[in-house]
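Computation of the quantities below employed the complete heavy-atom set of this structure, encompassing side-chain atoms and omitting hydrogens, waters and symmetry-equivalent molecules. Nothing here was measured: the structure is a model prediction, and the numbers come from that model. Just so you know, ligand 1 is whichever comes first in the structure, and atom 1 is the first atom listed for that ligand. When a residue number appears, it is its place in the shown sequence, counting from 1.
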Amino acid sequence: MTKISSVTSVSNQENVVILADKKSNFKDAGFSKQELAYVKDCITKKEQKMVTINQYKRAVHIAVIKEGKTEELTSEVCRRAGCDMLAVLNSDKLDRITVRSALKNKIHLLAFAEGLALGNYQFLRYKTDKKKLAASLKSIRVHSRDVSSKDIARLNASLQGSLYARTLVNEPLWFLTATQLSKEIQKMGKESGFKVQVFNKSKIQSLKMGGLLAVNKGSLDPPTFTIMEWKPKGFRNKKPYVLVGKGVVFDTGGLSLKPTPKSMEFMKCDMGGAAAVAGTMYAIAKAKLKVHVIGLVPATDNRPSGNAYVPGDVITMHDGTYVEVLNTDAEGRLILADALSYAKRFKPELVIDLATLTGSSIAAIGTIGMVSMHEGAEKQHEKLQESGHNVHERLAELPFWEEYGEMIKSEIADIKNLGGPYGGSITAGKFLHHFTDYPWIHLDIAGPAFLDSRDSYRGIGGTGVGVRLLFDFFVNKV
Ligand code: BES
Ligand code: MG
Ligand code: ZN
């Protein structure tokens, strides 16, 4: 991971990046007259986004930021500019860089550093030539009077949480079974300070988690149910926040088998919600945020086999609800439902679930953002939307009208796991809603959790989406 730190002075031998805009005068950059004239010319006349001055012992790079429509959108311009700058720094084989800013707002400098660090992430476990392929950049030093050590600690925490989440998503099934996922979460708990408890199959059986057990029936590997808790001294909230993450470590679709191209081949990403929850727990514990948060991750793979659950089956859920299974590929809602019922015992202030739940959410808005639904959590949802803008992981709210609830009524059981031909994300949401009795927000992250082509600092493969979002949400609670 690229480490971010703060410094109070910079020698004239340090490689530096200066964030600037067209109006910047570079007074304290220490440029000679000629250099200054050259820089000004590149920025104003040639409209360059990047300018480099090669001095005797170092290079000074200027990243020219074009203001966005809002302050938050300017932050996103900065993250992307940070990622663009990486190509230059890594090809120069720098192992550290100092960043400073000629812009007023410190959040833009922090966003630039964040873009550098997120963009610099690599998943090299399965490359033989790791050393050769590894990016040279190892540390980023932020030079600013306005940035506090708390800002830096929080940035590192959310960064590390996000990158852990990415790696969990990038790990294939041969390694990341449900049991291994629980072990990885335990490691993350040890490293950051949150508590972890793992329920094994017999405990899950005794809790009658019929959704999780049904999905697991076709698998040779046992399911797990992982409970995380961060409860620091002096926490501010009376009732806990509960985060629930879908932990389908691989989704073949089960007997309702998926086709391979552009579908099943990406399904190691189906624990993206679980990764986001674990990454968030890691970040808030690392940053020692004074909030009481519980994380729940039901986990299994979804496979066909001689004993797999079948379309037409009726299963009994943790809360006693009878569910008719019409499609074994609609498995996420079954395992989440048990976790959502389990969450009732905590009398939560708010429950947020994150899940790579439906292809129809991707059909609706693509991979840029996530779709959201909520019940009894109007204000909290607004706050979460604000965080979405702050970190550029935005929520697109879908209607959640009663009529959609009618579509999951079953002829022979209480409800069925399949809605009509349209509005699939919403009927999936309505299915989950059946198992809640508290303020609740549902985030369908099927689109942004995993990218099959690179997108700037979001990278390729697992994006860690959800971690920066929830971290920002909780930072605003303390
Ligand atoms: N894991 C998938 C959803 C998904 C699709 C995630 C694409 C990431 C990328 C989920 O379990 C699923 O299969 N959903 C079905 C539900 C349908 C059978 C009602 C879908 O969306 O097609
Ligand atoms: Mg599925
Ligand atoms: Zn799935």
Side-chain angles (χ1 to χ4, degrees), residues 168-170 173 176 178 181 211-212 214-219 223 244-276 297-304 308-313 323-339 353-371 398 404 407-408 410 415-432 442-453 460-463 465-466:
L168 287 175
V169 171
N170 288 333
L173 179 66
L176 203 81
L181 174 60
L212 181 53
V215 176
N216 182 252
K217 262 181 87 179
S219 176
V244 177
K246 171 175 171 182
V248 172
V249 286
F250 195 86
D251 184 10
T252 67
L255 286 171
S256 314
L257 199 65
K258 286 182 187 294
T260 301
K262 295 266 164 199
S263 178
M264 197 200 293
E265 64 184 321
F266 300 137
M267 281 306 135
K268 68 174 182 182
C269 79
D270 214 15
M271 33 56 71
V297 167
T300 178
D301 53 331
N302 181 27
R303 291 215 204 215
Y309 76 140
V310 301
D313 256 348
V323 172
E324 182 186 12
V325 175
L326 287 178
N327 189 316
T328 62
D329 198 10
E331 85 297 340
R333 64 198 76 183
L334 300 176
I335 74 168
L336 286 168
D338 282 343
D353 78 76
L354 298 96
T356 48
L357 202 61
T358 62
S360 98
S361 71
I362 315 177
I365 67 160
T367 60
I368 304 294
M370 63 189 87
V371 303
L398 294 183
Y404 294 107
M407 297 178 187
I408 55 164
S410 160
I415 51 174
K416 55 185 181 184
N417 78 336
L418 202 58
Y422 308 116
S425 307
I426 309 174
T427 46
K430 283 291 176 188
F431 183 93
L432 299 180
H442 164 53
L443 303 176
D444 191 334
I445 59 169
F450 188 88
L451 302 175
D452 62 356
S453 63
I460 186 167
T463 59
V465 72

Heavy-atom distances under 4.0 Å decide this one: backbone, side chain, both or neither, for [X] against ligand 1?
X: Asn327; result: side chain
X: Met264; result: neither
X: Leu418; result: side chain

Among protein heavy atoms, which sits nearest to [atom], and what does the distance come to when rounded to 0.1 Å?
atom: atom 10 (C) of ligand 1; answer: Leu357 O, 3.2 Å
atom: atom 15 (C) of ligand 1; answer: Asp329 O, 4.1 Å
atom: atom 2 (C) of ligand 1; answer: Asp251 OD2, 3.5 Å

Check whether any side-chain N or O of [X] sits under 3.5 Å from a backbone N or O of [Y] as a donor-acceptor pair, and report yes or no.
X: Ser425; Y: Ser361; result: yes
X: Asp270; Y: Val248; result: no
X: Ser219; Y: Asn216; result: no
X: Asn170; Y: Gly462; result: yes
X: Asn417; Y: Leu326; result: yes
X: Asp313; Y: Val310; result: yes
X: Thr463; Y: Pro448; result: yes

Check for me whether Met271 has a heavy atom closer than 4.0 Å to any atom of ligand 1. no

So which N/O/S atom does Asp251 have closest to the Mg ion (ligand 2)? OD2

So, of the N/O/S atoms that Glu331 has, which is the nearest one to the Mg ion (ligand 2)? OE1

How is the N/O/S atom of [X] that comes nearest to the Zn ion (ligand 3) named?
X: Asp251; answer: OD2
X: Asp270; answer: OD2
X: Glu331; answer: OE2

Considering distance alone, does some N or O of [X] sit under 3.5 Å from an N or O of ligand 1?
X: Lys258; value: yes
X: Asp270; value: yes
X: Asn417; value: no
X: Gly359; value: yes

By number and element, which atoms of ligand 1 are closer than 4.0 Å to a non-hydrogen atom of [X]?
X: Lys246; answer: 1 (N), 10 (C), 11 (O)
X: Ile362; answer: 7 (C), 9 (C)
X: Thr356; answer: 1 (N), 2 (C), 3 (C), 6 (C)
X: Glu331; answer: 11 (O)
X: Met267; answer: 1 (N), 4 (C), 5 (C), 6 (C), 7 (C), 8 (C), 9 (C)
X: Arg333; answer: 16 (C), 19 (C)

Taking all non-hydrogen atoms of both residues into account, name the closest pair between [X] and [Y] and its distance.
X: Ala355; Y: Lys246; answer: CB-CB, 3.6 Å
X: Pro304; Y: Leu257; answer: CG-CD1, 3.9 Å
X: Val297; Y: Gly247; answer: CG1-CA, 4.4 Å

Identified side-chain contact (heavy atoms from CB on, under 4.5 Å) partner of Pro223 from the options Ile335, Val215, Thr300: Thr300

Given the options Ile426, Leu418, Ile408, Phe431 meets side-chain contact (heavy atoms from CB on, under 4.5 Å) only with Ile408

With a cut-off of 2.8 Å, does any N, O or S atom of Gly332 fall short of it relative to the Zn ion (ligand 3)? no

Are any N, O or S atoms from Asp329 nearer to the Mg ion (ligand 2) than 2.8 Å? yes

Asp251 and its side chain to side chain donor-acceptor pair (under 3.5 Å) partner, picked from Asn302, Thr328, Thr356: Asn302

Interatomic spacing from CD1 in Ile368 to CD1 in Ile362 - rounded to 0.5 Å: 12.0 Å

